[in-house]
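The analysis underlying the following values was restricted to heavy atoms, covering all of them including side chains, and did not include hydrogens, waters or symmetry mates. Computed from a prediction, not measured in an experiment: that's the story for all the values here.
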Amino acid sequence: RPALPDPNSRATEWAPVDKSLTALLDEGWKIVSFNDYQTEMFSQNVGAYTFILSNGGKYILCFIENPEINNANSKCRALN
């Protein structure tokens, strides 16, 4: 039988942001939260980093996966 929808679930904006984490910081966005995660479950360790940025009541979540020195790419999403 299918699972019932969670009555506490709410739609959340998850719009792609067309700027890098670096560009957002250069514009004055501030990091208000940070998390890192590493796994050794695969042949290569996987490192992932998340940052929550804030600026004027707006929030953006950015991800960086497996960064290397001078070679990192971010993906960012608007939360509101």
Measuring from atom [atom1] of [X] to atom [atom2] of [Y], what distance do you get when rounded to the nearest 0.5 angstrom?
X     : Y     : atom1 : atom2 : answer
Leu25 : Ile31 : CG    : CD1   : 5.0 Å
Ser54 : Leu79 : OG    : CG    : 10.5 Å
Trp29 : Thr22 : CH2   : OG1   : 15.0 Å
Asn80 : Thr12 : CG    : OG1   : 10.0 Å
Ile60 : Leu21 : CD1   : CG    : 9.5 Å

Going through the checks in order, is the side chain to side chain contact (heavy atoms under 4.5 Å, CB included) test met by Ile64 and Asn73? CA-CA 6 Å; Ile64 298 177; Asn73 292 302; over 6 Å; no
Nearest heavy-atom contact between Gly47 and Pro67 is O-CD, 4.1 Å
So which atom in Asn8 and which in Asp6 form the shortest heavy-atom distance, rounded to 0.1 Å? N-OD1, 2.8 Å
With a 4.5 Å limit on heavy-atom distance, are the side chains of Cys76 and Lys19 in contact? no
Report yes or no: does Asn55 contribute a side-chain atom to a donor-acceptor pair with the main-chain N or O of Leu24 at less than 3.5 Å? no
Would you say the side-chain atoms of Asn35 pair up with the backbone N or O of Thr50, donor to acceptor, closer than 3.5 Å? no
Just grab all the salt bridge (charged side-chain N to carboxylate O under 4.0 Å, His left out) pairs involving residues 46-70, residues at least two apart or on different chains. Glu65-Lys75
Inspect the surroundings of CG in Asp18 and state if more than 12 heavy atoms from other residues, nucleotides or ligands are less than 6.0 Å away. no
Val32, Val17: one ILVMFWY side-chain cluster at the under-4.5 Å cut-off? no
Can you say whether the rings of Tyr49 and Phe34 are parallel (under 30°), tilted (30 to 60°) or perpendicular (over 60°)? parallel
